[in-house]
Peer 1: 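First the structure, then my questions, so here it is.
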Amino acid sequence: MRTNRKSAAHVPLAVAAATALAASLAACGSGPEAAGAGDGGSEYPLTVVNCGEETVIESEPESVLTIGHSAVALLDAAGASDRITARTGEFDAPLPEDLENPPTEVEVIDPADPSAETIIGAGADIVVGYGLFEAAPESLESAGIPNLVITGECNNDEAVVGSVGFDTVFADIERFGEVFGTQEAAAASTERLTSELSEMEDSAPGAGRTAAAVYYWSSTATMSAYGGLSIAHDILDRAEFDDVYGDEQSAFVEANFETLIDADPEVIFLAYGVYGEDFETAKAQLLAEPGAADLQAVKNDLVIGVSAGDLNPDPGAIRGLRAVVEGAAQ
């Protein structure tokens, strides 16, 4: 995962915004650019929505450089992980365990944010990932390499696509199905994931209790929180919790601990593994904060761990919802 280090603005979850996003992405495959969508193929040039702008894919991509685990997970769900020829941006963390076709034989050519030289040198037709942080977009454009950003990562620095939720993930799977001509596999994945989502929503344990999803970027960082534009907010909402940071109009909030004390949520979901730490280490960091012992979630032993990798805008967020539901139910 790559959790944003910056603060930004956030808004409450809006189902209409997520539905509009899904419709927008689906519309890209409804015109002449994707006439083969019904039979599992696509026609090129193909135009897709990419962080609110249009990106043209001139021909069917045969090789992909991924940046981050979410790109791998989304391509796997779309039935296109066999196109991955180079991996970057995984920060030495292992691949998710439940991939259908994990690219375990594909080399990780840079564990961190790749440079333009690294990307171009990999010889891939297209880049899919959480965005470019060490490479200028112009360099890839001049090399003729499209850079598709995961829709749920478009809000890293500003609110580009509105609220991010499971509908965003499903729309991304379908978008990549269009790009790689694997619509049938993508549709099967979204159907399966939608069914899993419905089953967990039926046992939502929140019952209106207040909750917060928080994390630490490093062992010395101040506390941060997931805001109203993050998929973590959608997870809390579907589990019927009242997210105390849900009105923040960004995906990530440099919240500081005083805001958590002021909100005093009944349940705290603590993301761990952001910098390689386990849950006990992350919990110790939170409990060492001045005033932590007075929080009702701490007093009632309702600080619940959720892997940070399961709070990303990809199919693994289903595991995040399961952790929230099962943890709170206990």
Side-chain angles (χ1 to χ4, degrees), residues 1-6 44-46 48-96 99 101-158 160 172-173 175-176 179-180 182 217-218 251-252 273-276 308-309 312-316:
M1 69 166 294
R2 188 187 200 283
T3 304
N4 196 321
R5 313 179 194 196
K6 300 179 181 180
Y44 304 87
L46 174 71
V48 295
V49 175
N50 191 29
C51 287
E53 299 182 354
E54 290 187 345
T55 294
V56 177
I57 312 299
E58 296 291 348
S59 59
E60 181 175 333
E62 297 295 335
S63 60
V64 188
L65 179 143
T66 55
I67 307 178
H69 284 151
S70 288
V72 176
L74 286 164
L75 290 177
D76 181 71
S81 59
D82 59 340
R83 312 282 182 97
I84 299 172
T85 55
R87 295 158 51 195
T88 65
E90 298 179 13
F91 293 89
D92 297 320
L95 288 170
L99 299 179
N101 185 24
T104 51
E105 302 301 318
V106 177
E107 181 183 2
V108 178
I109 61 175
D110 190 336
D113 300 319
S115 65
E117 292 76 14
T118 298
I119 295 171
I120 295 170
D125 299 331
I126 194 168
V127 174
V128 176
Y130 54 62
L132 304 175
F133 291 84
E134 297 295 333
E138 298 79 12
S139 298
L140 270 63
E141 290 173 8
S142 63
I145 305 174
N147 172 46
L148 293 187
V149 179
I150 296 160
T151 304
E153 299 285 2
C154 293
N155 288 342
N156 270 336
D157 295 316
E158 59 180 312
V160 174
D172 250 2
I173 293 171
R175 176 172 65 137
F176 292 129
V179 170
F180 295 97
T182 55
W217 176 252
S218 72
F252 307 100
V274 176
Y275 60 94
N312 287 333
D314 63 48

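Because the structure is predicted, anything quoted here is derived from the model rather than measured.
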Peer 1: Within the side chain of R83, is there an N or O that forms a donor-acceptor pair under 3.5 Å with the backbone of P61?
Peer 2: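 Side chain of R83 to backbone of P61, a donor-acceptor pair under 3.5 Å: yes, one is there.
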
Peer 1: Does some side-chain heavy atom of L95 sit less than 4.5 Å from a side-chain heavy atom of P103?
Peer 2: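 They are in side-chain contact.
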
Peer 1: Measure the spacing between CG of L99 and CG of D76 and express it to the nearest 0.5 Å.
Peer 2: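 One finds 4.5 Å between CG of L99 and CG of D76.
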
Peer 1: Do you know which two heavy atoms are closest between I145 and D125, and how far apart they sit?
Peer 2: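 Shortest heavy-atom contact: CG2-O, 4.0 Å.
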
Peer 1: I'd like a table of donor-acceptor pairs (distance under 3.5 Å, sequence neighbours excluded) in which one partner is a side-chain atom from residues 132-143, with atom names and distances.
Peer 2:
from	atom 1	to	atom 2	distance (Å)
S142	OG	E138	O	3.2
S142	OG	S139	O	2.8

Peer 1: When you measure from the side chain of N312 to the backbone of D314, do you find a donor-acceptor pair of N or O atoms at a distance under 3.5 Å?
Peer 2: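 No: the side chain of N312 does not pair with the backbone of D314.
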
Peer 1: Is a side-chain donor or acceptor of S81 paired with a backbone partner of N101 at a separation under 3.5 angstrom?
Peer 2: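 Judged by distance alone, yes, a pair lies under 3.5 Å.
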
Peer 1: For a quick test of reading the model, state the closest non-hydrogen atom pair linking Y130 to F91 and the distance between them.
Peer 2: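 Heavy-atom minimum between the residues: OH-CE1, 3.4 Å.
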
Peer 1: Decide yes or no on side-chain contact (heavy atoms from CB on, under 4.5 Å) for I126 and F180, but give the supporting numbers first.
Peer 2: CA-CA 11 Å; I126 194 168; F180 295 97; 4.1 Å; yes

Peer 1: Would the distance check show the side chain of R87 and the main-chain N or O of V72 forming a donor-acceptor pair, the cut-off being under 3.5 Å?
Peer 2: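 No; zero donor-acceptor contacts below 3.5 Å.
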
Peer 1: Could I get the full list of side chain to side chain donor-acceptor pair (under 3.5 Å) partners for T85, not counting sequence neighbours?
Peer 2: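 Once residues adjacent in sequence are excluded, T85 has no partner under the side chain to side chain donor-acceptor pair (under 3.5 Å) criterion.
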
Peer 1: With the side chain counted from C-beta on, respond yes when I119 and V127 share a heavy-atom pair under 4.5 Å apart, and no when they do not.
Peer 2: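 I119 reaches V127 side chain to side chain.
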
Peer 1: Can you see which heavy atom on L46 is nearest to which on V179, and at what distance?
Peer 2: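 Heavy-atom minimum between the residues: CD2-CA, 3.6 Å.
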
Peer 1: I'd like to check the side chain to side chain donor-acceptor pair (under 3.5 Å) partners of E58; sequence neighbours left out, ordered by chain and number.
Peer 2: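 Not a single residue meets the side chain to side chain donor-acceptor pair (under 3.5 Å) criterion with E58.
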
Peer 1: Would you check if the side chain of T88 reaches a backbone N or O of T66 as a donor-acceptor pair within less than 3.5 Å?
Peer 2: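 Between the backbone of T66 and the side chain of T88 there is a qualifying donor-acceptor contact (under 3.5 Å).
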
Peer 1: Does a side-chain heavy-atom distance below 4.5 Å link P313 with T151?
Peer 2: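 The answer is no; the side chains never approach within 4.5 Å.
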
Peer 1: Indicate the atoms forming the closest heavy-atom contact of R175 with I150, along with that distance.
Peer 2: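 That would be NH2-CA, 4.0 Å.
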
Peer 1: With respect to T55, which candidate in N50, N147, V149 satisfies the side chain to side chain contact (heavy atoms under 4.5 Å, CB included) definition?
Peer 2: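 Among the candidates, only N50 passes.
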
Peer 1: Which heavy-atom pair separates T182 from F176 by the least distance, and what is that distance?
Peer 2: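 Where T182 meets F176 most closely, the heavy atoms are OG1-O, 4.2 Å.
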
Peer 1: Does atom CD of E62 have more than 12 heavy-atom neighbours, drawn from other residues, nucleotides or ligands, at distances under 6.0 Å?
Peer 2: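 Result for CD/E62: enclosed.
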
Peer 1: So do P114 and I109 actually touch side chain to side chain, heavy atoms under 4.5 Å?
Peer 2: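 No, too far: nothing below the 4.5 Å cut-off.
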
Peer 1: On a heavy-atom basis, which atom in P146 and which in V56 lie closest, and how many Å separate them?
Peer 2: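 Scanning both residues, the minimum pair turns out to be CG-O, 4.4 Å.
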
